[in-house]
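Report on the following structure.
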Amino acid sequence: MTPRRWPIAAAALALAWIAAGPTTAAVLAAVAVGCTLQAHLRTTLAGRRQRTSQLPAALDRLSTALRAGASLPSAIAEAGADTPPPLGAELAALARAADRGRPLAAVLDEWSATHDDRGTRLAATSLVLAAAVGSAPARAVDGVATTLRERLDLAAERRALSTQARTSALVLAAAPAAFALVLLTADSAAADFLLHHPTGWACLVAGAGLDVVGAWWMARLTRGDEP
């Protein structure tokens, strides 16, 4: 949910409170928060996977430029120009930093530390070695591209095999919210305690927080290791 939509959501919850009571408003608020968190997680994971999937092709372009006689900074610039965002912009920034006089090894180390994923660390290490050794740099870059491509294939296979586990995790995460909704609807005493007493509010907040943490942890476990 974007910041511009928060006033609309708040107004909708206020109307639900007036029209249907606090129970319905609380349920709608919980659903809205859950949907927002899920959408944010999906967007973050999609961007991360897109960037990771761009690394092998970018390294292939970089290797081609090296074989054509380009220097390593020039090859990085060419690969950045031919690679779409987000990775292309990162590579172009690396080339610009090297052109301004910064040591290429320091630039690559900073890039690796900023993103801190296995693919970036492996790519940065290969480029640092290519800059330091200078012997057959294209072959080293090709080897890293092949390794990253194999890791991506294995990660895709793991995600396909973990579909059932993700479904079970979704059920486990949704079950506490569904039980709370049934309890609030069917038991007026429990609803009064949870919605009108500070101790009940604390129970709801603690339960929702634990459920969110559990859902996040199960999602992390079932999506597999990063490539």
Side-chain angles (χ1 to χ4, degrees), residues 2-4 37-162 216-217 219-227:
T2 60
R4 294 181 179 179
L37 292 175
Q38 184 180 18
H40 176 71
L41 179 61
R42 285 183 177 179
T43 302
T44 302
L45 291 178
R48 190 176 301 169
R49 287 174 181 167
Q50 179 186 7
R51 180 187 176 278
T52 303
S53 66
Q54 291 175 334
L55 270 172
L59 291 176
D60 288 339
R61 298 185 184 100
L62 197 153
S63 174
T64 300
L66 289 174
R67 284 193 171 89
S71 64
L72 190 53
S74 299
I76 294 175
E78 292 184 24
D82 295 335
T83 303
L87 184 59
E90 295 177 17
L91 296 176
L94 296 180
R96 287 195 299 270
D99 288 339
R100 294 191 185 104
R102 290 191 62 192
L104 184 58
V107 173
L108 292 171
D109 286 342
E110 182 178 344
W111 178 53
S112 175
T114 300
H115 295 280
D116 195 25
D117 62 271
R118 295 179 183 176
T120 302
R121 290 196 297 270
L122 187 57
T125 301
S126 68
L127 294 177
V128 169
L129 290 176
V133 177
S135 175
R139 183 180 302 176
V141 174
D142 283 338
V144 173
T146 301
T147 300
L148 292 179
R149 195 170 279 112
E150 291 174 352
R151 288 183 176 182
L152 287 171
D153 292 339
L154 288 174
E157 184 177 356
R158 285 197 301 269
R159 285 194 296 270
L161 294 175
S162 64
W216 171 81
W217 184 248
R220 183 178 178 85
L221 290 177
T222 56
R223 76 168 182 256
D225 294 333
E226 60 175 327

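- For the pair Glu78 (side chain) and Ala65 (backbone), a donor-acceptor distance under 3.5 Å is absent.
- Considering all non-hydrogen atoms of both residues, Ala95 and Pro73 come closest at CB-O, 3.8 Å.
- Counting only N and O atoms by type, the side chains of Ser63 and Arg67 include a donor and acceptor under 3.5 Å apart.
- Arg149 is listed as a side-chain neighbour of Asp60, based on a closest heavy-atom distance under 4.5 Å.
- You'll find the side chain of Thr125 stays beyond 4.5 Å of the side chain of Val128, heavy atoms only.
- Nearest heavy atoms, Pro85 versus Gln50: O-NE2, 3.6 Å.
- The two atoms that bring Pro56 and Leu152 nearest to each other are CG-CD1, 3.7 Å, heavy atoms only.
- To the nearest 0.5 Å, atoms CZ (Arg139) and OG (Ser126) are separated by 14.5 Å.
- For the pair Leu122 and Leu55, the minimum side-chain heavy-atom distance is 4.5 Å or more.
- A donor-acceptor contact under 3.5 angstrom links the side chains of Thr120 and Arg51, judged on distance only.
- Looking at every heavy atom in both residues, Ser112 comes nearest to Ala124 through CB-CB, 3.8 Å.
- To the nearest 0.5 Å, the span separating CD on Glu90 from NE2 on His115 amounts to 3.5 Å.
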Name each donor-acceptor pair under 3.5 Å that joins a side chain in residues 96-106 to protein atoms two or more places apart or in another chain, with its distance.
| unit_1 | atom_1 | unit_2 | atom_2 | d |
| --- | --- | --- | --- | --- |
| Arg102 | NH1 | Glu110 | OE1 | 3.0 |
| Arg102 | NH2 | Glu110 | OE1 | 2.9 |

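- With Arg61 as reference, Asp82 is the one residue of Leu66, Ile76, Leu91, Asp82 to meet the side-chain contact (heavy atoms from CB on, under 4.5 Å) rule.
- Here the shortest heavy-atom pairing between Val141 and Leu59 reads CG1-O, 3.3 Å.
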